[in-house]
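The sequence lines fix the lettering, A, B, ..., with proteins before strands; numbering per chain opens at 1. Hydrogens, waters and symmetry mates play no part in the numbers below; they use all other heavy atoms, side chains included.
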Number of protein chains: 2
Amino acid sequence: MSTVTEHPVRAEPTYTTLRELIVSGEYAPGRRITELELSERLAVSRTPVREALRVLAGDGLVRPEKRGVAVVALDEKAVHEAYWVRAGLEALTAELTALRQRQGELSPAALHRLRTQAERTDELTERGDLAEAVEQNRAFHRMIAELADNAIALGMLDRIWDQIVVSTRESLHGQRYGERTEQVGEEHRQLIEAIAEGEPDEAARLARAHVLTTLATNNADARQGVEGTR
Amino acid sequence: MSTVTEHPVRAEPTYTTLRELIVSGEYAPGRRITELELSERLAVSRTPVREALRVLAGDGLVRPEKRGVAVVALDEKAVHEAYWVRAGLEALTAELTALRQRQGELSPAALHRLRTQAERTDELTERGDLAEAVEQNRAFHRMIAELADNAIALGMLDRIWDQIVVSTRESLHGQRYGERTEQVGEEHRQLIEAIAEGEPDEAARLARAHVLTTLATNNADARQGVEGTR
DNA sequence: TCGGCATACTTTGTATACAGTGCATCCACG
DNA sequence: CGTGGATGCACTGTATACAAAGTATGCCGA
């Protein structure tokens, strides 16, 4: 998906293409990137490539290394940090959205879209289409953030998501996710309910717990994975 | 201060200088910037200037406009959004710091530095040196974020602070701040206490309330200011 | 055979030239 | 006097050339 609203810089074709290469996983984490290589691949000069790389560095998708840049590869600690930040920000957006609902600023249609999106995510997960399910799950969470009507928080969440997606493509998001299917669906429903009832504190609490539970589950996976190979 | 850790891109002299021009207020919010003007002023070519501008756009300190870029000027709604995000992130970092304290990962020296910094801020405020007080206040809050040991959250808070500083240089941060002196000091002390006692929930609650109270106070100021000119 | 040094190459940083585009200004015409 | 269009200008976007720096490689000597 890699949805980014705001800054027109991010509409630049070179930036967009390169970003897609990274987010899609074609350029794997840790892969080193040279400007020349990219300028040849994208058939442009080094100038726009350089700019794209700088912006992507700001996005946290590539990081400068001794020689040029490399696709970011968050280690376990960094992934933890990302999840905690995501938890904090999603608690905030859920709270703000619930607050808007309480103040009658949310359309019934919006709530309906939320429920529909949650159902779609559920179905895909049950059907076993994990790749698409993860995508739609992200879309669900992003919907809530959009409804919070806070562009800064939304932008930060987009960045966090991208970083997590890139760094956890293969390691996580698989194994235990299936087992947690019903729990995820239930947590989503509870969250929607709290928003629909206009209960900011409860919504914040649920959103936060939901993210942290996901982190804990993935962790168990990772650990299990590591130990399993011993 | 404009403290930025991470990305080496941000160590580039052109970027650093331009950033300082903006954060210091020499380039006022809304001011349009042309690449040529900057390249002449900084005595470099347009190439590094362009890159710096792109990165700054990512930082949210300049925004692309019809023709080139302009220094960001957050309107009242955007400032609100920034404060809410700051509240969410500081609640998180305060919580994480308190958690570390509970787990014995925080050195007594760190807590002492925190108390010292709070006192310094207090003194400056009482002495009426508001500019320096604001600076040291920021340093205090940043200290907590550093102790949280979460680089992503710290980076985001730095961005938010910069944006707020640029956009509220004259409008806020003055008038009522004086009246709130004792309250600010007291809130800081309570926050430190919660951290020292290793009470994550309480620390998060206090940090959040502190930021939102500041927002509310500034708002009152702004409204008063507007009404006062009628 | 191994170590050290010199050289060549890869790659980034910077400058400059050129192309394209939108905006403003000015003139002509209604 | 007002309005529309054309022309010139200012600025951004892109390419290319050049400089600097660090790394790898190969050769020579011990």
Side-chain angles (χ1 to χ4, degrees), chain A residues 2 4-22 26-73 155 166, chain B residues 2 4-22 26-73 155 166:
Chain A
S2 74
V4 172
T5 37
E6 28 173 352
H7 300 295
V9 187
R10 319 196 171 203
E12 247 181 289
T14 303
Y15 168 80
T16 307
T17 308
L18 180 49
R19 177 200 187 78
E20 204 49 40
L21 283 176
I22 294 174
E26 186 164 343
Y27 276 19
R31 167 163 181 170
R32 298 214 43 218
I33 298 179
T34 73
E35 298 172 0
L36 191 63
E37 165 203 346
L38 267 182
S39 70
E40 285 170 355
R41 168 156 192 172
L42 304 183
V44 293
S45 77
R46 278 178 53 219
T47 313
V49 169
R50 284 178 65 83
E51 290 175 6
L53 286 177
R54 293 303 164 79
V55 177
L56 284 168
D59 290 344
L61 287 183
V62 303
R63 30 178 344 108
E65 276 193 357
K66 45 182 178 182
R67 198 75 172 174
V69 304
V71 176
V72 71
V166 167
Chain B
S2 73
V4 172
T5 37
E6 26 173 355
H7 299 294
V9 187
R10 320 197 169 200
E12 248 180 289
T14 304
Y15 168 80
T16 308
T17 308
L18 179 48
R19 176 199 188 77
E20 204 50 39
L21 284 176
I22 294 174
E26 185 164 341
Y27 276 18
R31 167 163 181 171
R32 296 214 44 218
I33 298 179
T34 72
E35 298 172 0
L36 190 63
E37 166 203 345
L38 269 181
S39 70
E40 285 169 355
R41 170 156 192 172
L42 305 183
V44 292
S45 77
R46 278 179 52 219
T47 313
V49 169
R50 285 177 64 83
E51 290 176 6
L53 287 177
R54 293 303 164 81
V55 178
L56 284 168
D59 291 344
L61 287 183
V62 303
R63 31 180 340 108
E65 274 193 358
K66 44 183 178 181
R67 202 70 173 175
V69 304
V71 177
V72 71
V166 167

Q: Among C:dT14, D:dG13, D:dT14, which nucleotide sits nearest the side chain of B:R54?
A: D:dG13
Q: For the pair made of OH in B:Y15 and P in C:dT14, what is the distance, rounded to whole Å?
A: 16 Å
Q: The side chain of B:R46 lies closest to which of these nucleotides: C:dA17, C:dA15, D:dC18?
A: C:dA17
Q: For a 4.5 angstrom cut-off between non-hydrogen side-chain atoms, does B:V72 reach B:V62?
A: no
Q: Rounded to whole Å, please give me the gap between CD in B:E40 and C1' in C:dA15.
A: 14 Å
Q: If I take atom CD in residue A:E51 and atom P in nucleotide D:dA15, what distance separates them, rounded to the nearest angstrom?
A: 11 Å
Q: For A:E65 and C:dG13, what is the distance between atoms CD and P respectively, to the nearest whole Å?
A: 13 Å
Q: Does A:S45 have a side-chain nitrogen or oxygen under 4.0 Å from the phosphate oxygens OP1 or OP2 of D:dA15?
A: yes
Q: Below the 4.0 Å mark, does D:dC11 have OP1 or OP2 next to a side-chain nitrogen or oxygen of B:R50?
A: no
Q: Side chain of B:E35 only, heavy atoms from C-beta on: which candidate in D:dT12, C:dT14, D:dT14 is closest?
A: D:dT12
Q: Could B:E26 and B:R41 be called an ion pair, given the rule that one side-chain N must be under 4.0 Å from one carboxylate O?
A: yes
Q: Which residue, B:T34 or B:T47, contacts DNA chain D at a nucleotide closer to its 5' end, judged by nearest heavy atom?
A: B:T34
Q: For the pair made of CD1 in B:I33 and C1' in D:dT12, what is the distance, rounded to whole Å?
A: 15 Å
Q: Need one value for A:L53: base, sugar-phosphate or nothing, where a base atom within 4.0 Å counts as base even if backbone is also close, heavy atoms only.
A: nothing
Q: Kindly indicate, with the supporting measurements, whether the criterion salt bridge (charged side-chain N to carboxylate O under 4.0 Å, His left out) is fulfilled by A:E12 and B:R50.
A: CA-CA 14 Å; A:E12 247 181 289; B:R50 285 177 64 83; 5.7 Å; no
Q: When you check the gap from the basic side-chain N to the acidic O, do B:E37 and B:R31 get nearer than 4.0 Å?
A: yes
